[in-house]
Amino acid sequence: MAGSSSRGAAAALLNAGGLGAGYLYLRLWGRAVGSWLVTALLVLAALGLHASGTPWFWITLFALWLAHQVYSGWKHGSAGPPGRRAPWLPLTAGAALLALVIAGAVQYRGGPQDALERGDAAHAAGDCATAVEHYDAATATRNELTFSPALDRAADGRAGCRIVLTAEAAAGEADYPGAINGYGDYLARYDGTPPWPGAEDRLAGLHLDQADSLAADGTVEAAYAAYAAIPAGFPGSAPAAAVPDRLDALYEARTTALAAGDHCPAVDELRPFLELAGEHRDDPLAEDLAGRARDALPDALYACGMDDYRDEHYTDARTTLEEFRSLYPDDARSGQVDDTLIAIEIAQIGSGSTGDLPDPTPAGSAPGGTATVEIVNDSPEALEILYTGTETGTGTVDACGGCTTQSDLLSGWSGSACQAGIDRPTTTIRLPAGTYEFVVRTPGDSSVTPFHGTWELSSGTAYSDCYFIETSYY
């Protein structure tokens, strides 16, 4: 009986290794094959159903199966006749096999943890490509039977690193919004304290890269907004410290015409910087750029208008100089601007459909070096006189209350234009001698054709002419 007990104990100890060795010892070949099949099915199920995710269920299941094998080995071994061999031999073999199984299980269980630790170290250093390799090793299917929490932790670390790798791939293709969003997701995944401490600095650097890209290819507003977001979102970071210099570079890069003295393109360059102050109120960085543009704009506007005037681009010149006069009414050059606008008006009228002003009629003498021009108004409309030459200016003559518009059908029969003995409004303009362009028009009636002429005013000569309005039927 003692021999049967020893035989049962040996079979139970051999079966405790989970390999069905006790059945082989008892020569129960069918039970040995059956135990292998059941064990194989349990292993496959555990591997396929992520046993490490619910370890206590599978540990309990395998423990019950192992307990069943131990009990079955003891039961069948105790029921048979005593073995012929010394009882210590199978017991020793069973103990040795169990020790080997336990040692193998301990080493096997430590594999995922070791791979996890290597992955975490690479992750913390920002080397996610290497980290993912270690995480993949830790989460290999073969490791499910370790029932180790290292597998889920490795899967979590791998998911975080894959976000980083995807973001870096986007950055490599200059898809900065995609990269920035990726790093934002990475930081959010860990509530702002990720395994890689340098992630936030990298995100700030990506914002700077995006702003640099917009500075090269985007609008001033878009580039500025991207730069301004860096010190606001990442105060104290190296990219934030680089922003002022980057904004200086942005201004220099976008005002090359200003630097080159190409005035009209310079005006267009300055306008986006002027708008920054309105878009970003109370922002000192925006105000600094806008202030530089404001300081440069008066000279650029004035020079642009004068360049267009000299190039006979009169419409553009008028628009620019009128803006200058509106923005800077107290500028020392405002008088010159007013004179130029008069000259532009005369040039535009002269290039259009006008009547020809005859040469003025000498009517006496004037002080030396000067000429006087008297304009008599024999019309019911006020007259405006524009002139440019050695001097530029305007004059007006009031409407003649008792005068009428003349008719070319009656001219020479009953016309009374400019007859003597009638008191008519006059004005006298005193000018230095020289060549002048004159325009006479009726500002109150655009249907009256203006008259234009070039006059040579002689020194010491007084001129006088009477003007009337005539209705033409031809």
Restricting to non-hydrogen atoms, name the atom on [X] and the atom on [Y] that form the minimum distance, rounded to 0.1 Å.
{"X": "Ala296", "Y": "Tyr251", "answer": "CB-OH, 4.3 Å"}
{"X": "Pro450", "Y": "Ile349", "answer": "CG-CG2, 3.8 Å"}
{"X": "Leu258", "Y": "Glu269", "answer": "N-OE1, 3.1 Å"}
{"X": "Val440", "Y": "Leu383", "answer": "CG1-CD1, 4.3 Å"}
{"X": "Leu386", "Y": "Thr394", "answer": "CD2-CG2, 3.4 Å"}
{"X": "Ala129", "Y": "Leu165", "answer": "N-CD2, 3.9 Å"}

A side-chain contact here means heavy atoms from C-beta on lying under 4.5 Å apart; do [X] and [Y] qualify?
{"X": "Trp455", "Y": "Leu357", "answer": "yes"}
{"X": "Glu275", "Y": "Glu221", "answer": "no"}
{"X": "Leu214", "Y": "Tyr227", "answer": "no"}
{"X": "Leu116", "Y": "His134", "answer": "no"}
{"X": "Thr392", "Y": "Tyr436", "answer": "no"}
{"X": "Asp209", "Y": "Leu206", "answer": "yes"}

- Residues passing the ring-ring contact (aromatic ring centres under 6.0 Å, His included) test with Tyr387, sequence neighbours excluded, are Phe438
- Please list, chain by chain and in numerical order, all residues satisfying ring-ring contact (aromatic ring centres under 6.0 Å, His included) with His280, sequence neighbours excluded. Tyr224
- Query: Thr340 and Gln336: side chain to side chain donor-acceptor pair (under 3.5 Å), yes or no, with the steps?
  - Reply: CA-CA 6 Å; Thr340 304; Gln336 179 61 43; 3.3 Å; yes
Rounded to the nearest 0.5 Å, what separation is found between the [atom1] atom of [X] and the [atom2] atom of [Y]?
{"X": "Tyr314", "Y": "Leu321", "atom1": "OH", "atom2": "CG", "answer": "12.5 Å"}
{"X": "Ile385", "Y": "Ile429", "atom1": "CD1", "atom2": "CD1", "answer": "5.0 Å"}
{"X": "Leu208", "Y": "Ile230", "atom1": "CG", "atom2": "CD1", "answer": "4.5 Å"}
{"X": "Thr255", "Y": "Asp262", "atom1": "OG1", "atom2": "CG", "answer": "12.5 Å"}
{"X": "Leu274", "Y": "Glu279", "atom1": "CG", "atom2": "CD", "answer": "12.5 Å"}
{"X": "Glu133", "Y": "Asp127", "atom1": "CD", "atom2": "CG", "answer": "8.5 Å"}

- Distance-only donor-acceptor check, side chains Glu323 and Thr319, under 3.5 Å: no
Between the side chains of [Y] and [X], is the shortest nitrogen-to-carboxylate-oxygen separation below 4.0 Å, so that they form an ion pair?
{"X": "Arg441", "Y": "Glu384", "value": "yes"}
{"X": "Glu345", "Y": "Arg318", "value": "yes"}
{"X": "Asp268", "Y": "Arg254", "value": "no"}

Please confirm whether the backbone N or O of [Y] pairs with a side-chain atom of [X], one donor and one acceptor, at under 3.5 Å?
{"X": "Asp311", "Y": "His313", "result": "no"}
{"X": "Thr354", "Y": "Gly350", "result": "no"}
{"X": "Thr320", "Y": "Asp316", "result": "yes"}
{"X": "Thr166", "Y": "Arg162", "result": "yes"}
{"X": "Thr219", "Y": "Ala222", "result": "yes"}

Could you tabulate the donor-acceptor pairs under 3.5 Å formed by side-chain atoms of residues 231-250, not counting sequence neighbours?
{"from": "Ser237", "atom 1": "OG", "to": "Phe234", "atom 2": "O", "distance (Å)": "2.8"}
{"from": "Ser237", "atom 1": "OG", "to": "Ala240", "atom 2": "N", "distance (Å)": "3.2"}
{"from": "Arg246", "atom 1": "NE", "to": "Asp212", "atom 2": "OD1", "distance (Å)": "2.9"}
{"from": "Arg246", "atom 1": "NE", "to": "Asp212", "atom 2": "OD2", "distance (Å)": "3.3"}
{"from": "Arg246", "atom 1": "NH2", "to": "Asp212", "atom 2": "OD2", "distance (Å)": "3.0"}
{"from": "Asp248", "atom 1": "OD1", "to": "Arg292", "atom 2": "NH1", "distance (Å)": "3.1"}

- Query: Which residue pairs pass the disulfide (SG to SG under 2.5 Å) test with at least one member in residues 152-211, sequence neighbours excluded?
  - Reply: Cys128-Cys161
Donor-acceptor pairs under 3.5 angstrom involving side-chain atoms of residues 175-192: please list them, not counting sequence neighbours.
{"from": "Asp175", "atom 1": "OD1", "to": "Gly178", "atom 2": "N", "distance (Å)": "3.1"}
{"from": "Asn181", "atom 1": "ND2", "to": "Pro177", "atom 2": "O", "distance (Å)": "3.2"}
{"from": "Tyr183", "atom 1": "OH", "to": "Glu168", "atom 2": "OE2", "distance (Å)": "2.5"}
{"from": "Tyr186", "atom 1": "OH", "to": "His123", "atom 2": "NE2", "distance (Å)": "2.7"}
{"from": "Tyr186", "atom 1": "OH", "to": "Trp196", "atom 2": "N", "distance (Å)": "3.4"}
{"from": "Arg189", "atom 1": "NH2", "to": "Asp156", "atom 2": "OD1", "distance (Å)": "2.8"}

- Could you give me the CA-CA distance, side-chain angles and deciding distance for Thr315 and Gln348, then say whether side-chain contact (heavy atoms from CB on, under 4.5 Å) is met? CA-CA 8 Å; Thr315 299; Gln348 288 184 309; 3.5 Å; yes
For residues 300-309, run the donor-acceptor check on the side chains, cut-off 3.5 Å, and write out each pair with its distance to 0.1 Å, sequence neighbours left out.
{"from": "Asp307", "atom 1": "OD1", "to": "Arg310", "atom 2": "NH2", "distance (Å)": "2.7"}
{"from": "Asp307", "atom 1": "OD2", "to": "His263", "atom 2": "ND1", "distance (Å)": "2.8"}

- Task: Evaluate the criterion side-chain contact (heavy atoms from CB on, under 4.5 Å) for residue pair Leu297 and Phe324; output intermediate values, then yes/no.
- Result: CA-CA 9 Å; Leu297 185 62; Phe324 177 92; over 6 Å; no
- Atom CG of Asp282: over 12 foreign heavy atoms under 6.0 Å: no
